[in-house]
There are 2 protein chains.
Amino acid sequence: MEKSTKVRLIDAAAALIDAGGARAVTLRAVAQAVGVSHNAPYKHFKDRDAILSAVAERDFHTLEALFDRALRDSPEPETALRHAIADYIAYGRSHPGRYRLLFSDPEMVVPGGALEVAAMCALKSLTALVEAFQVAGRAAHLPTRQLTALLYATLHGLVDIELGQRARPEKGLGDITVVADLLVELLRPAQGLRQ
Amino acid sequence: MEKSTKVRLIDAAAALIDAGGARAVTLRAVAQAVGVSHNAPYKHFKDRDAILSAVAERDFHTLEALFDRALRDSPEPETALRHAIADYIAYGRSHPGRYRLLFSDPEMVVPGGALEVAAMCALKSLTALVEAFQVAGRAAHLPTRQLTALLYATLHGLVDIELGQRARPEKGLGDITVVADLLVELLRPAQGLRQ
DNA sequence: ACCTGAACACCGTTCAAGT
DNA sequence: ACCTGAACACCGTTCAAGT
């Protein structure tokens with residue numbers, strides 16, 4: 001089964017981002033990679049932002065799958081959460097340019113569009129992880145929405161600051177996986193017995 | 001005392017970002033706002049990234065001052081921290097384009113350069129806030145570095161996700177000030193008596 | 001030391017035309 | 001329905017020249 005030109009354009013854009021960041025995504029470079037003329041992309045996307053948006057949309061679905069898999073593969077909710085956190089950070093580190101795209105440039109978001117839907121799906125899957133964690137007795141007294149938001153923001157903040165390179169790792173946040181684990185630790189005591 | 005052309009260029013770039021986002025910062029627009037020819041900026045900055053970097057550098061110093069002021073003005077460290085959090089969020093909301101610039105586009109960072117120094121100064125001031133909080137007995141058993149990183153990442157993540165507009169506020173994280181306060185609450189019980 | 005004007009290569013976008 | 005080639009306006013950057 002053949003890939004459509006549209007899908008191949010998204011593939012090419014994603015590859016260009018991985019190779020040289022979002023700046024490397026010019027319509028000409030994308031088109032050339034697929035083997036069409038430099039303005040053929042306009043038959044599939046409204047403009048350059050729409051191509052970037054399509055890449056981000058796909059990556060949100062990858063994150064959603066990542067959260068779903070963590071919940072499915074670990075019987076223990078806390079383990080599932082820790083795996084999800086580790087995978088999320090690993091994903092950001094291995095695709096810095098594309099990770100960046102997920103939350104940057106609000107101009108490429110059309111309200112109610114596919115990107116917003118994909119972002120909400122990812123958030124929903126993370127919420128399921130947090131819910132399982134709470135059902136198991138951890139931080140059970142906290143509102144799920146707020147707890148999910150706290151985890152999501154911390155995770156994103158850690159990855160985003162690290163990728164931003166405003167500080168050498170050792171002088172800045174240190175190892176961000178340790179910091180993410182710290183948050184999980186802070187949520188543990190609420191499970192009845194406090195150490 | 002006259003402002004130098006260089007400072008006026010930074011002022012103009014900051015104003016353009018506030019008005020239309022980083023995309024609106026073209027060398028021609030910046031130069032025109034200051035009243036010089038479109039390539040005069042090259043006498044003061046290496047390239048366009050260097051101008052954006054100068055704006056971000058200044059904003060990091062603003063954040064540093066914000067943290068310092070919070071610590072100075074509140075006798076109670078927890079109150080100081082809460083004020084700092086509220087001010088940080090308010091700052092991001094009132095200058096979304098410039099806030100974005102603080103951690104985005106690593107290509108505009110020169111290692112060891114002024115932007116990195118400014119970012120570290122802001123982090124240091126936040127660390128002082130966290131230290132005062134810990135001296136007062138809150139979360140005293142946790143490593144300061146990790147605790148600061150956790151707070152910084154959460155704060156940045158909350159603001160960045162909200163500004164990214166990937167979700168309607170009510171369907172997404174909810175009110176991010178509430179989430180930030182939740183983190184502070186989580187750090188309280190560690191002060192001896194646990195509720 | 002600081003600025004200007006012209007020029008170059010590159011880019012997003014549009015349009016008329018082709019199959 | 002999908003693509004092409006030419007064209008336009010705009011932009012970052014460079015350079016030779018001016019004071």
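FYI, side chains are in, hydrogens and waters are out, and symmetry mates aren't considered; it's all heavy atoms of this structure. Just so we're on the same page: letters track the sequence lines, and every chain starts at 1.
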Checking side-chain polar atoms at under 3.5 Å, does B/Tyr88 have a donor or acceptor matched by the opposite partner on B/Tyr99?
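Side-chain D/A pair, B/Tyr88 to B/Tyr99: present.
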Establish, from distance only, whether the side-chain atoms of A/Asp73 and A/His83 form a donor-acceptor pair under 3.5 Å.
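Side chains of A/Asp73 and A/His83: no pair found under 3.5 Å.
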Rounded distance (nearest 0.5 Å) linking atom CG of B/Leu155 with atom CG of B/Leu183
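CG of B/Leu183 is found 9.0 Å from CG of B/Leu155.
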Got a salt bridge between A/Asp59 and A/Arg100, using NZ or NE/NH1/NH2 to carboxylate O under 4.0 Å?
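So A/Asp59 does not pair with A/Arg100 through a salt bridge.
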So A/Thr144 and A/Glu131, do their side chains get closer than 4.5 Å, heavy atoms only?
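Counting from C-beta outward, A/Glu131 and A/Thr144 do come under 4.5 Å.
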Below 4.0 angstrom, which residues in residues 34-45 of chain A have at least one non-hydrogen atom near DNA chain D?
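A/Val36, A/Ser37, A/His38, A/Asn39, A/Ala40, A/Lys43, A/His44, in order of number.
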Within residues 6-27 of chain B, find the residues that approach DNA chain D with a heavy atom at under 4.0 Å, and present them sorted by residue number.
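Nucleic-acid contacts, sorted: B/Val25, B/Thr26, B/Leu27.
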Criterion side-chain hydrogen bond (donor to acceptor under 3.5 Å, both in side chains) against B/Arg82, the qualifying member of B/Thr177, B/Asp87, B/Asp181
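When B/Thr177, B/Asp87, B/Asp181 are each tested with B/Arg82, the side-chain hydrogen bond (donor to acceptor under 3.5 Å, both in side chains) holds only for B/Asp181.
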Go ahead and write out DNA chain C as dot-bracket, 5' to 3': ( ) for pairs within the strand, [ ] for ones crossing earlier pairs, | when the partner sits on another strand, dots for unpaired; Watson-Crick or G-U wobble, both distances under 3.5 Å.
||.|||||...|||||.||
With sequence neighbours left out, write down each residue that passes ring-ring contact (aromatic ring centres under 6.0 Å, His included) with A/His95, or none if nothing qualifies.
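Partners of A/His95 under the ring-ring contact (aromatic ring centres under 6.0 Å, His included) test: A/Tyr91.
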Name all residues meeting the ring-ring contact (aromatic ring centres under 6.0 Å, His included) criterion together with B/Phe45; count only those two or more places apart in sequence or in a different chain, and write none if there are none.
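With neighbours one apart ignored, the set is empty.
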Aromatic ring pairing B/His156/B/Phe103, orientation class (parallel under 30°, perpendicular over 60°, tilted between)
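Taking B/Phe103 first and then B/His156, their aromatic rings sit tilted (interplane angle of 30° to 60°).
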Side chain to side chain contact (heavy atoms under 4.5 Å, CB included) assessment of A/Arg138 paired with A/Leu187:
CA-CA 6 Å; A/Arg138 276 82 158 183; A/Leu187 299 174; 5.5 Å; no
Test of understanding: clusters of I, L, V, M, F, W, Y form through side-chain heavy atoms closer than 4.5 Å, transitively. Do A/Leu66 and B/Ile161 belong to the same one?
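They do share one cluster, since a chain of ILVMFWY contacts under 4.5 Å joins A/Leu66 to B/Ile161.
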Pick base, sugar-phosphate or nothing for A/Arg48, based on heavy-atom distances below 4.0 Å to the nucleic acid.
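The residue A/Arg48 makes sugar-phosphate contact but no base contact.
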Using chain B heavy atoms and a threshold of under 4.0 Å, write down where along DNA chain D the contacts begin and end, 5' to 3'.
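Contact boundaries, 5' end first: D/dC11 to D/dC15.
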Just by modelled atom types, is the A/Glu162 backbone N or O under 3.5 Å from a matching donor or acceptor in the A/Arg93 side chain?
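Answer holds: no.
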